[in-house]
Every structure is written in C-alpha cells, then in structure tokens.
Amino acid sequence: MPRTLVKDALNATAPNDAILLQGWVRTRRDAKAFSFIELNDGSSLKGLQIIVDASLPDYVHVTRANTGASVEVHGKLVESKGGGQKWEVVATKFTVLGEADATYPLQKKGHTLEFLREIAHLRPRSNLFGAVFRVRSRLAYAVHQFFQERGFHYVHTPIITASDAEGAGNMFRVTTLDPANPPKTPDGAVDCAQDFFGKKTFLTVSGQLEGEIFATALSSIYTFGPTFRAENSHTSRHAAEFWMIEPEVAFCDLNGDMDLAEAFVKHLIRDAKEHCAADLEFFSKFVDKELLARLDFVLDKPFVRCSYTEAVEILTKSGKTWEHPISWGANLQAEHERYLTEEHFKCPVTVYNYPRAIKAFYMRKNDGEAPDRQTVAAMDLLVPGIGEIIGGSQREERLDLLKEGMALHHLDEKAYWWYLDLRRYGSVPHAGFGLGFERMLMFVTGVANIRDVIPFARTPGTAEF
RNA sequence: UGCCUGGUAGCUCAGUGGUAGAGCAGGUGACUGUUAAUCACUUGGUCGUAGGUUCGAUCCCUACCCGGGCAGCCA
C-alpha cells in the first residue's frame, strides 16, 4: 500500500477506508479505552490525530510510542468526532518502528533557540524548524523558477578559487600541504608552487567575476551556491558559510539591475505566501507578530530609490546624533541604514551611486562628476529589520577605466588577465547583484538569527555536525 | 576583534555569605473525545572550570571556557 503524507490526509475531500501513514510521534494522550497520537511526518506544520483503540491487538505497543518515536499506522481516515481537526485516522494496525526514550531532548513545550542549536540534528523535528526548512526548500525552488522563467541560465561557478583579492572579506585557505611541515622556498617562505593546485587557493567569497564571464556569453545568468567568508563576525546576521544568489545580466544598466532586484525579492515573498501559508502563519503567531502585515506591505508598494548623496542629506538633516558621524564620502553604517529603511522611508530602500573610493574596483564609474564627488553605479537594497539584503552594481565595461579602478585599489592586473579580457573582446554594459539567501529567509520568516535559517550553521568557533 | 550580558535539575527559570527551590519533562496512580489534556504523589542538582578573599562561597574578587547581544566587516 502506498504511503499517504500527513499533508495530503489533512487535505482529504472524502473518507478513506485503507490508508498508510509513517512518521514521528509529537505527543500522546492516553484515555481509558484508547489513545490519541499526534503524528507528524514533516510534510506539513499540522500533524494528524491517530486513534488507537484499546481493543486493537497492537494496543500493547502504544506505551512505547512516546514523543519522538517513529511509527507506522494502517487505518481508516474518518471525520473527527472531536473539535480541532477535520480528519483523523482510526488505526487498524499500529507498529512502533523506532522507540524514543525519556532522554529524547525535544519536549512538548517551548525550547529556547539557543538550546535547539545545540541539537541541530533533532531540531528539524520541531514545529519552528520544520517550518523554516520547508520555507527554505520552497524558496530555493522559487529562485530557480524566477530566473529560468526569464531566460536566465544557471551557472556553477567554482567553489575553490585562486582569486584572492575580490574585496569581499577574508578567505579560507584551501591546501593539502602539511601545516606542521610545509615545503619551503630557498628564502624560507612556504612554497605554494608545491601545493595541490600549484598556487594559493581559497574557498570562494563570490562567484561574480566568473559569473561575468558567462553573462558576456549567455547574456543572462545566475549563480546559486555556497559562499565562504573567514570574517570573525559575531552577529545575528553573519555566517562563515552561506548561500548566495548572484544574477549577472549583459546589456543591462543600474536601473535594470534595481528593477530586477525588486522583482526578485517580491517574487520570493509572493511565492512563500502562496506555497507556505501555514508556515508563515505560524511565524506570524510565534516568532514575529508583524510578519504578515510587513510582507503584504512590501509587496504592495514600489521600493524607494534614493541616491547615496540624497541619503546623506536625509541623515544629516534628521537631527539625530549618530554614533558614527555621517558626511559625504563615509560609508553608511548599520545605524544609518536602519534609520533610512525603518524610520524615514518605513519600507525597503535601494540606495545607489556610492562614492567611488569606498566601493569595489569593478563597479562602473559614473560620468561627468566633480573629481571630489566621484561615484560608481552601485546599489544596496535595505529592508526593515535586517538591513542590507542585496548588494550590486553595474560593472565597469570600459577597459581603461577598469584598469584605473584596479590601480586605485592596488590590484595586480596580471592576476585578473582573464577578467580584463572580457573588456578587450566584445565588452558590453552589464550589471548584477548578490542576494544573501539566509538574509532573505530571515526576512520572510521573521526569524531573527541567521543560525536558525541554516540547517547546520558555521560561525566562528562552531562547526559541529 | 572591541564593548555588554549570561552560565543553578533533562528543559525554562527563581534564589541566598551558613552547601538550594518552582514549572515542565521522567516515574507511579486517578480521570478524561483528548488537543503543549487535567489532578495527586514522586525521582532528580559536587549551582560552567580553576584559583583567591572568608570561620564558611552557588552568592564577593580574578582568570579562563562556553552561550547570547551590539559594533566593525559584509550578503
């Protein structure tokens, strides 16, 4: 007999005389003549109520079906006599597949997120994490759907890379050399030429530069994969390993890039609302009361677009005192970004055209500006509660200006020979951005800590599981 | 990395310079078409680690370890 998922049983339109369910016991309530078992198989937030009558021969096994045990139930799907659920299953055959004794850590009560992180191998069986990871799965699908429907091609950029100065933070070294006894060059330095790849290699901090290669061939591409930053960041929104989505579009300028970013974020929110409604209701009830209202609000209105120069004026005229003083040329700090999106505009804000000096070498220089007010066509999308969720730019497609940018950032042209070739041969205007998948999940679920939207979080000092 | 904050029963927490309590979980019993069921009884802790002050430290001091928050870095 084929297995029926709890989700499908709950959505049944008619009773069913013979049904098979498999899953884990969430809670059991014993009555004199029968027991109630709430069965969950991860297919939905809500479980299915199982009735095991004491007259059933298998009833002797019910006492072993404690919270956490895995069970198999053959039975009849019938309309429930009790309140609280439409359908329930009256068991005809009841089997405990795997017991869970009193040491099972998940209890029928609220646990702290900190405790659940310590049992990351069991927390997917909780309501909250079941919901988080169902949404994560759905949104990963929605990412591909959004881009595939728009003619983008999915590119697998390398995870191991030799590009070591992309300006996106510290990198993890990848090496097979013996750390205790590495080969040395005559002058005493570690001889990286003898390493596995014959040179220094790292885990990628971004697939953007390789993405540009494919955008200047396939026109519109996106990457979606793991990214690594060896920053010693102790915050609720940084992880050493996270997933990033990086579209790159040829024949596209900054406005097109901002349009794409806005459409993408809205698509993901709309998709979650449509396909994960019960899970989002759960978050709205137990994690963040404002969640659903905020998501609706974000969908309804166009995002505000505000140039860096305007943003600095707003911040200067706000009358607020800043921990980090703000003036033209300084980077926007978290407190500034939070003010813009949470207090001043009260909606998602795209800040664009940042000072050239504080942005990456590959960003396109804007023309016709005073020498002390030069900007690049960069943009950051800020959302309430999280801050920066997207960072992107139009890329510098003019060879001479790209070389100038590299000189400003003290980069060696030789290391980027292939990147410069893209400007030597058939260069086109192009633009792209990076969206932190976990930050998007935090925004959609209301979950406040990045460690709780990653199955197994890697943060400084922590790599359990 | 800097600053702040916490570490007491399996979990969530209270508490006091004289070596500790509650709720939940577990156990036993009762009761019930129950919904994190309910009621009664009950098991359970060298109070993060190592020093120091003191007649005496879980409590005060120092260091360290671990968790969390904020800032910087960014996605």
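Small disclaimer: the values here were computed from a predicted structure and weren't measured. Below, chain A is the first sequence line, B the second, and so on; all start at residue 1.
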State whether a side-chain donor-acceptor pair under 3.5 Å links [X] with [Y].
{"X": "A:Glu88", "Y": "A:Ser80", "value": "yes"}
{"X": "A:Thr375", "Y": "A:Asn366", "value": "yes"}
{"X": "A:Tyr59", "Y": "A:Ser35", "value": "yes"}
{"X": "A:Tyr339", "Y": "A:Gln333", "value": "no"}
{"X": "A:Glu212", "Y": "A:Tyr362", "value": "no"}

Look through every strand shown and name the nucleotide pairing with [N] as Watson-Crick or G-U wobble, where both distances are under 3.5 Å.
{"N": "B:rC47", "answer": "none"}
{"N": "B:rU34", "answer": "none"}
{"N": "B:rC60", "answer": "B:rG52"}
{"N": "B:rG29", "answer": "B:rC39"}
{"N": "B:rG6", "answer": "B:rC66"}
{"N": "B:rA22", "answer": "B:rU12"}

Phosphate-side-chain proximity, [X] and [N], N/O vs OP1/OP2 below 4.0 Å:
{"X": "A:Thr235", "N": "B:rG72", "value": "no"}
{"X": "A:Arg451", "N": "B:rG69", "value": "yes"}
{"X": "A:Arg237", "N": "B:rA71", "value": "yes"}
{"X": "A:Gln333", "N": "B:rC73", "value": "yes"}
{"X": "A:Thr462", "N": "B:rG67", "value": "yes"}
{"X": "A:Arg117", "N": "B:rC66", "value": "no"}
{"X": "A:Thr112", "N": "B:rU12", "value": "yes"}
{"X": "A:Arg439", "N": "B:rA75", "value": "no"}
{"X": "A:Arg28", "N": "B:rU35", "value": "no"}

What is the separation between atom [atom1] on [X] and atom [atom2] on [N], rounded to the nearest whole Å?
{"X": "A:Trp243", "N": "B:rC74", "atom1": "CH2", "atom2": "P", "result": "24 Å"}
{"X": "A:Ile390", "N": "B:rA75", "atom1": "CD1", "atom2": "P", "result": "11 Å"}
{"X": "A:Phe115", "N": "B:rC13", "atom1": "CZ", "atom2": "P", "result": "12 Å"}

Describe the nucleic acid contact of [X] in one word from base, sugar-phosphate, nothing, applying a heavy-atom distance below 4.0 Å.
{"X": "A:Gln107", "answer": "base"}
{"X": "A:Ala239", "answer": "base"}
{"X": "A:Glu337", "answer": "nothing"}
{"X": "A:Asp30", "answer": "base"}
{"X": "A:Gly83", "answer": "base"}
{"X": "A:Ala31", "answer": "base"}

Practice problem: Please measure how far the P atom in B:rU12 lies from the corresponding atom in B:rA75, and state the result in whole Å. | Solution: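 35 Å, rounded to whole Å.
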
Exercise. Please measure how far the C1' atom in B:rG45 lies from the corresponding atom in B:rA9, and state the result in whole Å.
Key: 5 Å

Per the atom types in the model, does the base of [N] pair as donor or acceptor with the side chain of [X] at under 3.5 Å?
{"X": "A:Glu38", "N": "B:rU35", "value": "no"}
{"X": "A:Glu335", "N": "B:rG72", "value": "no"}
{"X": "A:His111", "N": "B:rC11", "value": "no"}
{"X": "A:Gln85", "N": "B:rU34", "value": "yes"}

Self-check item: A:Arg150 NZ/CZ over A:Phe146 ring centroid, <6.0 Å and within 45° of normal
Solution: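 The answer is yes; both the distance and angle limits are met.
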
Practice problem: Mark yes or no: A:Lys266 above the aromatic ring of A:Phe303, with NZ or CZ under 6.0 Å from the six-membered ring centre and no more than 45 degrees from the axis. | Solution: yes

Quiz item: A:Asp452 and A:Arg123: salt bridge (charged side-chain N to carboxylate O under 4.0 Å, His left out), yes or no, with the steps?
Solution: CA-CA 10 Å; A:Asp452 299 324; A:Arg123 68 178 182 169; 3.2 Å; yes

Quiz item: Are A:Phe202 and A:Phe228 close enough that their ring centres sit under 6.0 Å apart?
Solution: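 Ring centroids of A:Phe202 and A:Phe228 are no less than 6.0 Å from each other.
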
Quiz prompt | Residue closer to the 5' end of RNA chain B, A:Arg338 versus A:Ala240 (nearest nucleotide) | solution =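 Its nearest nucleotide lies further toward 5', so the answer is A:Arg338.
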
Quiz prompt | Nearest-nucleotide comparison on RNA chain B, the residue closer to the 5′ end among A:Glu388 and A:Pro105 | solution = A:Pro105

Are any protein N/O atoms closer than 3.5 Å to N/O atoms in nucleotides 1-3 of chain B? If there are, list each pair with its distance.
from: B:rU1; atom 1: OP1; to: A:Asn232; atom 2: ND2; distance (Å): 2.2
from: B:rU1; atom 1: O4; to: A:Asn232; atom 2: O; distance (Å): 3.3
from: B:rU1; atom 1: O4; to: A:His234; atom 2: ND1; distance (Å): 2.7

Practice problem: Would you mind telling me which of A:Glu388, A:Glu438, A:Arg439 makes a side chain to side chain contact (heavy atoms under 4.5 Å, CB included) with A:Arg237? | Solution: A:Arg439

Quiz item: According to the 5.5 Å centroid and 30° plane-angle thresholds, does A:Phe242 stack upon the nucleobase of B:rA75?
Solution: yes

Exercise. Just compare B:rU35, B:rG69, B:rG68 and give me whichever is closest to any side-chain atom of A:Ser236.
Key: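 Of the options given, the side chain of A:Ser236 lies nearest B:rG69.
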
